[in-house]
Structures are given as structure tokens and as C-alpha cells.
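Notes for the one structure printed next.
A note on names: the letters A, B, ... follow the listed sequences, proteins ahead of strands, and every chain is numbered from 1.
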Number of protein chains: 2
Amino acid sequence: MDKPQPGHLKNAGLKSTVPRIRILELFELGQERHMSAEDVYKHLLASGDDVGLATVYRVLTQFEQAGLLTRHNFEGGKSVFELNQGKHHDHIVCLQCGHVEEFYDAAIESRQEKIAAERGFAVHDHSLHIYADCTKKKCPYK
Amino acid sequence: MDKPQPGHLKNAGLKSTVPRIRILELFELGQERHMSAEDVYKHLLASGDDVGLATVYRVLTQFEQAGLLTRHNFEGGKSVFELNQGKHHDHIVCLQCGHVEEFYDAAIESRQEKIAAERGFAVHDHSLHIYADCTKKKCPYK
DNA sequence: TTGCAAATGAGAACTATTATCATTTGCTAT
DNA sequence: ATAGCAAATGATAATAGTTCTCATTTGCAA
Ligand SMILES: [Mn+2]
Ligand SMILES: [Mn+2]
Ligand SMILES: [Zn+2]
Ligand SMILES: [Zn+2]
């Protein structure tokens, strides 16, 4: 009689295996919100979980397709994933330290819809990344 | 007494070699505005110009650094370049045919500045890509 | 428990891009 | 024009990120 939490595996049509459980836990309970496949792989190894890198890639893609995770392609060539909590947002990426900050702006969102509609397009999705330098103390590195 | 056109090679501190001239011509005179390294390479081969792929990659990066070209990272993993004509714009990418349409929206641009400033960031640059289906006849393929 | 389709993991393969380095080429100064 | 030479090129090796292959393992239903 375990109540099926939203975002759990079977719920998403995926059978619950050790690697999948570990990876989902990492996103749900871990401290890092945005992680690449390599990030996930290293965290799992560090936790003593012995998963293969291929499985990490496979599972991340499955989770994305199942709507559990969202994928982003920031500059730098590697995909970054985060828990999909239903609320769309965009990102500011700090050029000094790589810190990622999230934001949502209704005005930007609606302008995009309008622009696309005017040109005869139905928006499927979009990505907006602001690359910036932080102007105060917050940056950990330099 | 050749008047140095803006955006010409020497003008950008690059000595004018055959590959560089051909590549720049392709962007200035060709019909495709947004091209990947592979696109450029194939066009040149088709024109009978015998350049190496490594040179294409090198030159595209140099042109980007010199401000002659702009690089975009659309979905699909490959960098796409276009002539830098000074005016920033963002892109709608058609999910059916890959057609790329350009737009500029002052409201979106200024909201970005404001959002970043509020959070203590100085915008360096940004990328905004809208992925959409075109809702009318325009799509060449399907 | 057993049976077996589904999932995994090690490693090969692939794609986009960069690095290496011997050879060629575009200037510059004769 | 010509020689000298640093800069540029191109073939190819190397790298990074990711996907594919396939023999072995595992979750789960009967
Ligand atoms: Mn996010
Ligand atoms: Mn453009
Ligand atoms: Zn958005
Ligand atoms: Zn913009």
C-alpha cells in the first residue's frame, strides 16, 4: 500500500531497477540540481554504487522521455539534466564559476508565443540561456 | 587602391589565403545563411575548391574570434555559423524541416537585462532558440 | 523457484571537433 | 622577379561526449 509518489519509476512505466533508483535518488535527494551524465556517474561511483556509464546515459535519456528529467544544452558541449518539477524556467549561467541560476519571466514567455504565432509557428519548446558575469561576492571561484 | 570592405580579411588581422577567401565568399555570396562546418566543407568541395576539413574548422573559429561570423549551438550537437552583420537576433528553428527564421524583440532583450541585473549579473551574451512546428504550407519537407 | 523479457555493463563504435606535424604558401626584403 | 621564412594548410591521429552491441544479469510474474 505504498502510495505511488508522483515521479516514481513504475508510475512512469519504467521497471524499478537498482541503477534507476539510485539515479533518481541522486536528483531527488542530492545537493546538485543540474548534472551532466559524467557528474551523475561520478557521484554514483563515489557513493559506492557500481553502475556503468552506458547505463547512466541510457537512464538519463529514458527519464527525460518519461518526463522525470529535463535536458539542457548549455555551452560546453555536454548535456545537463535536472529534476522536472513541472515549472518551466530558463537559466543564467555564470561565466566565472559555472553556477546556474534559474528564472522565469512571464513577459518573455508570452512575447515568444506571440512572435512565433505571428510567423506561423506553433512553439514546441525553447531554450533561453543568459551567460553572464556575477558582479558581486557570490562567485566561489574567481 | 582597393577600398577595404568592412569584414574583409586583412581588415580583421587575418592574412588572405585561398581557403579563407573561399569560406568568406561562401557566407557573403552563398544562398545558405546558417551553415555548419560540414555544410561549408561540402559546399567548397562541390565548388571544386580543395580545402581540408581541419582548415574549415580552424577558419570558422578564427572568423568567429575576429567577429566576422557568429556561432550558434542549436540542438543536434553541431555548431552553426552565420555572417555577423552587427545586428543581434534570435532564432526559430522549424522541427519539421530545420528551416531557421530570425527575429529580434526589444522587449525580450530588455527583460533579460533587467532580470540579470536584479540578480547581480552582467550579461555577457545569451542564446534564445524557439523550436517550433510551422503551421502552414511553408515547410519544404513534410 | 523457475522462466524470460527487460535491463545492465564492458567495450567497440560513432560524431563533432581539436591537435600534431610535415609540407605548402603568402608576403617582405632584397 | 626571387629567396627566405613565418604563418597557414591538410592528412591524419587524438579527444570528448555519447550511442551501440551483445553476452550476462536481474526484476518480477506465473
Ligand atoms: Mn534549472
Ligand atoms: Mn541568424
Ligand atoms: Zn522560457
Ligand atoms: Zn536575443
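Connectivity analysis of hydrophobic side chains (ILVMFWY, heavy atoms under 4.5 Å, direct or indirect) links B:L29 to nothing; its cluster partners are none.
Backbone-only engagement by A:S79 is indicated by non-hydrogen atom pairs under 4.0 Å involving sugar-phosphate atoms exclusively.
As rounded to whole Å, 18 Å separates atom P of D:dA8 from atom CZ of B:R22. In this entry the distance linking CZ of B:R20 with C1' of D:dG10 reads 14 Å, nearest Å. Atom P of nucleotide D:dT9 and atom CD1 of B:I21 are separated by 10 Å, given to the nearest angstrom. Atom pair A:K42:NZ and D:dA16:C1' shows a separation of 12 Å (rounding to whole Å applied). Whole-Å rounding puts the A:E38 CD to D:dT18 P distance at 9 Å. Atom-to-atom, CG of B:N73 to P of D:dA16 comes out at 18 Å; the value is rounded to the nearest Å. Atom OH of B:Y41 is separated from atom C1' of C:dT15 by 15 Å (rounded to the nearest Å). Between the P atom of C:dG26 and the CG atom of B:L9 lies a distance of 13 Å, rounded to the nearest Å.
Remark: B:D125 pairs with no residue by the side-chain hydrogen bond (donor to acceptor under 3.5 Å, both in side chains) rule, at least two apart or across chains. Shown here are the salt bridge (charged side-chain N to carboxylate O under 4.0 Å, His left out) partners of A:R111, two or more places apart in sequence or in another chain: B:D105. Applying the side chain to side chain contact (heavy atoms under 4.5 Å, CB included) criterion to A:A117, with sequence neighbours excluded, gives no partner residue. In this view, A:E118 and A:K114 satisfy the side chain to side chain contact (heavy atoms under 4.5 Å, CB included) rule, not counting sequence neighbours. Applying the side chain to side chain contact (heavy atoms under 4.5 Å, CB included) criterion to A:D50, with sequence neighbours excluded, gives no partner residue. Listed by chain and number, the residues in a salt bridge (charged side-chain N to carboxylate O under 4.0 Å, His left out) with B:E113 amount to none (sequence neighbours excluded).
Residue B:H124 qualifies as open at atom NE2: its count of foreign heavy atoms under 6.0 Å is 12 or below.
Counting only heavy atoms from C-beta outward, the side chains of B:R33 and B:L83 approach each other to under 4.5 Å.
Two end axes, each from the C1' atoms of five base pairs, can be drawn for the helix from C:dT1-D:dA30 to C:dT30-D:dA1; they diverge by 20°, to 10 degrees.
The ring pair (Phe, Tyr, Trp, His ring centres under 6.0 Å) analysis of residues 51-88 of chain B, with sequence neighbours excluded, yields the pairs B:H72-B:F74, B:H72-B:H91, B:F74-B:H91, B:F74-B:H129, B:H88-B:H126.
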Output a table of donor-acceptor pairs, distance under 3.5 Å, between side-chain atoms of residues 40-47 of chain B and any protein atom two or more places apart or on a different chain; print 'none' if there are none.
| from | atom 1 | to | atom 2 | distance (Å) |
| --- | --- | --- | --- | --- |
| B:H43 | ND1 | B:D39 | O | 3.1 |
| B:H43 | NE2 | B:E32 | OE1 | 3.2 |
| B:S47 | OG | B:H43 | O | 2.8 |

Please enumerate all protein N or O atoms sitting under 3.5 Å from an N or O of nucleotides 26-30 of chain D, with distances to 0.1 Å.
none

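A heavy-atom distance below 4.0 Å to DNA chain C is reached by these residues of residues 46-60 of chain B, ordered by number: B:A54, B:Y57, B:R58.
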